[in-house]
2 protein chains.
Amino acid sequence: MTTHRAASPSLIDVARAAGVSTATAGRALGGYGQVRAGTRERVLAAAAELGYRTNGLARSMITGSTQTIGVVVTDVANPFFATALRGVTDVVQPAGFEVLLANTGSAVEAERRAITVMSEKRVDGVIVAAAQPSQGAHLKHAIDLGVPIVLLDRQVAGVADADSVTIDNEQAAADAVAHLLELGHRRIGVVTEAGDRLAGLRGAGNRRKGLFPSAVRLRGYLRAIGAAGLEIDEGLIGSARYDRDSAYDATIRLLARDDPPTAILCTDNVLASGAFRAAQDRGLRMPDQLSLVGFDDEPWTTLVRPELTIVEQPTYDLGTRAGRRLLDRITGARDGRTVHVQLQAKLLVRGSTGAPAAR
Amino acid sequence: MTTHRAASPSLIDVARAAGVSTATAGRALGGYGQVRAGTRERVLAAAAELGYRTNGLARSMITGSTQTIGVVVTDVANPFFATALRGVTDVVQPAGFEVLLANTGSAVEAERRAITVMSEKRVDGVIVAAAQPSQGAHLKHAIDLGVPIVLLDRQVAGVADADSVTIDNEQAAADAVAHLLELGHRRIGVVTEAGDRLAGLRGAGNRRKGLFPSAVRLRGYLRAIGAAGLEIDEGLIGSARYDRDSAYDATIRLLARDDPPTAILCTDNVLASGAFRAAQDRGLRMPDQLSLVGFDDEPWTTLVRPELTIVEQPTYDLGTRAGRRLLDRITGARDGRTVHVQLQAKLLVRGSTGAPAAR
DNA sequence: CTGAAAGCGCTTACAG
DNA sequence: CTGAAAGCGCTTACAG
């Protein structure tokens with residue numbers, strides 16, 4: 001029973017059916033301006049009768065607002081971004097905004113395209129977790145065109161006028177190392193994605209912009225080790241790619257040293273899972289023979305034995321704060337001042353960390 | 001150095017600067033129609049000079065296409081939907097479509113609003129993981145208005161004209177039970193969200209529509225038990241809410257029976273994590289004293305000891321298939337026939353299942 | 001409170 | 001290949 005589908009009725013059709021002008025029909029349907037109650041009812045009845053729905057494109061073209069924000073992430077399937085995204089939607093949807101989502105797969109070119117398209121679709125603003133924090137020219141360009149941008153999780157080099165909501169990753173990693181130092185560890189290893197950035201991080205520079213969170217965490221590790229008066233031993237810095245197997249290998253290498261670390265910090269949840277497996281396969285008792293610290297409170301960290309000590313990031317809040325900040329930019333007080341929110345992570349001490357075994 | 005920002009330049013401005021008509025400027029910029037190479041260059045130069053960007057709203061209003069699809073899920077933070085969503089974006093973005101995302105929190109009212117707004121924004125189609133598979137009136141309404149819909153993960157009652165892409169959950173659960181039966185188990189328990197649907201499932205009905213995946217899985221369990229000639233023992237059906245603690249409690253209750261199950265199937269990944277913890281806390285050796293089967297290949301399932309036997313759902317593919325199907329509906333062969341794709345899950349046998357201990 | 005008219009920024013026939 | 005004109009479906013001053 002496929003009925004012939006007429007073109008979607010427009011305001012003109014509704015107005016005609018209700019015997020009013022399109023201006024009046026628009027006022028009744030759009031909830032703006034003044035309309036007599038009786039008139040409104042007649043219009044609404046006609047609209048319902050015809051199956052009318054507002055054309056949001058036409059409305060947006062006139063009002064200059066789409067009630068839509070863009071969200072650009074590197075990987076929605078990553079629980080970190082999925083959770084932050086949930087935070088964004090939970091704040092933004094009740095305020096009457098929709099979310100246009102783009103996944104970049106960490107490719108700057110894809111990010112550039114996404115920003116362009118979103119800008120052409122006239123989103124009211126964009127939240128972006130940059131693919132490459134060192135490359136922000138296209139973001140600056142968008143800002144110059146009048147698109148408000150809030151950076152999520154990564155500060156980007158060369159983008160002065162964007163707000164940002166990030167986690168204090170340097171302090172988070174330093175806290176974890178401090179915990180291990182306090183337990184008496186002196187040879188503390190790290191499994192990290194940012195091993196290749198080591199030279200730059202050891203320099204005097206203290207910029208946050210342009211660095212991936214993993215690099216900032218590595219700097220926190222270096223800082224804490226240095227603050228304790230210990231030498232930085234590059235042999236304790238295990239480089240890995242962003243996957244479990246690579247972290248597994250890096251951990252095995254660290255443990256194979258003549259003088260292996262008694263504790264290891266992993267700068268990420270995925271890396272931690274690889275390190276945990278490596279410790280398991282090596283038959284090391286945790287925490288006696290090896291203490292381990294990871295990032296993110298994922299389900300597995302409390303299912304394994306011992307439970308994993310972790311740095312808990314306020315991931316959901318990261319999203320809500322970014323959403324709220326963007327809404328403020330769009331609607332309310334456009335005081336113009338650029339805001340950089342930095343949230344604190346929390347060390348959750350569990351069974352995988354303890355004093356090193358006496359030797 | 002805040003320069004005064006002029007209103008975004010329009011095609012008229014570009015045309016004037018290039019000394020051509022708006023029609024020609026539009027053709028040069030939009031890549032449609034015929035334009036002489038020299039003319040095109042002049043127009044592009046003028047556009048670049050002025051910082052012109054196409055107004056997608058105006059374009060969409062005329063062309064009747066927004067190159068945007070809606071995706072409606074209950075919870076983006078759930079790894080299942082996050083992964084499926086990634087599948088959708090990976091298919092749809094390269095084809096030139098953007099994704100408008102809505103999170104419903106399983107509330108039908110939120111879903112209704114999301115569909116309405118998306119429809120008003122004139123998305124070209126919508127993929128929806130229904131909040132309540134039993135309630136589909138608003139979806140049917142949208143379809144009648146001309147919005148193509150592809151159902152994801154859940155068939156919905158009363159929505160005849162929507163395509164669907166789902167997983168064969170009944171077969172998946174039945175396979176898991178068959179595996180346990182083959183190992184020699186006779187008292188097989190189940191921890192499920194759908195315990196309250198039991199009466200309806202035991203009836204003769206064989207509809208898939210209107211049921212949550214958990215309910216379909218429970219039916220698979222019932223079918224497999226019945227097919228083996230065993231009695232359904234309602235005492236072996238542990239009801240839980242959708243959280244780890246509730247599953248933990250349900251498992252503890254099952255294990256406290258005089259005649260406890262020797263194996264347990266969990267109809268979901270979250271429930272499985274609770275059941276695993278319960279088995280751990282009870283000090284039960286797996287698989288000897290208890291065999292356990294879960295759903296979804298989450299990281300934790302290979303980090304715990306023993307590793308968990310699971311039913312692996314093709315979650316990412318669920319998204320890619322739904323995306324592709326919707327694109328087909330929108331662009332290509334609108335043959336009109338409604339398509340129901342059902343993907344098969346795969347049992348991954350690992351250490352948590354084995355023959356029951358002799359007693 | 002209501003309406004006639006203008007206009008948002010494009011694309012699309014239609015002529016040339 | 002190019003342009004003048006119409007039109008997509010709304011909202012917004014402006015009058016009354």
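The chains referred to below are lettered A, B, ... by the order of the sequence lines, with proteins before strands, and numbering in each begins at 1. Below, all heavy atoms of this structure are taken into account, side chains as well, without hydrogens, waters or symmetry copies.
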A.B. asks: Counting only Watson-Crick pairs (N1-N3 plus N6-O4 or O6-N4) and G-U wobbles (N1-O2, O6-N3), all under 3.5 Å, who is the partner of D:dA13?
C.D. replies: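 Base-paired to nothing in any strand shown.
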A.B. asks: Are A:Leu101 and B:Leu85 packed together at the side-chain level, in the sense that at least one heavy-atom pair is separated by less than 4.5 angstrom?
C.D. replies: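 Sidechains of B:Leu85 and A:Leu101: in contact.
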A.B. asks: Could you write nucleotides 7-16 of chain C as a row of B, S and -, 5' to 3', where a protein heavy atom under 4.0 Å of any base atom gives B, of only sugar-phosphate atoms gives S, and otherwise -?
C.D. replies: BBBBBBB---
A.B. asks: Does one side chain, of B:Ser65 or B:Gln67, offer a donor that lies under 3.5 Å from an acceptor on the other?
C.D. replies: yes
A.B. asks: State, to 0.1 Å, how close A:Phe97 and A:Thr68 come at their nearest heavy-atom pair, and which atoms those are.
C.D. replies: CD2-N, 3.7 Å
A.B. asks: In Watson-Crick or G-U wobble terms, both distances under 3.5 Å, what is the partner of D:dA4?
C.D. replies: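 Pair assignment: D:dA4 / none.
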A.B. asks: With the side chain counted from C-beta on, respond yes when B:Ile330 and B:Ile69 share a heavy-atom pair under 4.5 Å apart, and no when they do not.
C.D. replies: yes
A.B. asks: Roughly how far, to the nearest 0.5 Å, is CZ of A:Phe80 from CG of A:Asp75?
C.D. replies: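 So the CG of A:Asp75 and the CZ of A:Phe80 are separated by 12.0 Å.
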A.B. asks: Okay, side chain of B:Arg42, backbone of B:Ala18: is any donor-acceptor separation there less than 3.5 Å?
C.D. replies: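 Judged by distance alone, yes, a pair lies under 3.5 Å.
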A.B. asks: Is the distance from OP1 or OP2 of D:dA4 to the nearest side-chain N or O of B:Ser21 less than 4.0 Å?
C.D. replies: no
A.B. asks: Check every strand shown and say whether A:Ser60 touches a base, only sugar-phosphate, or nothing at a heavy-atom separation below 4.0 Å.
C.D. replies: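 No contact.
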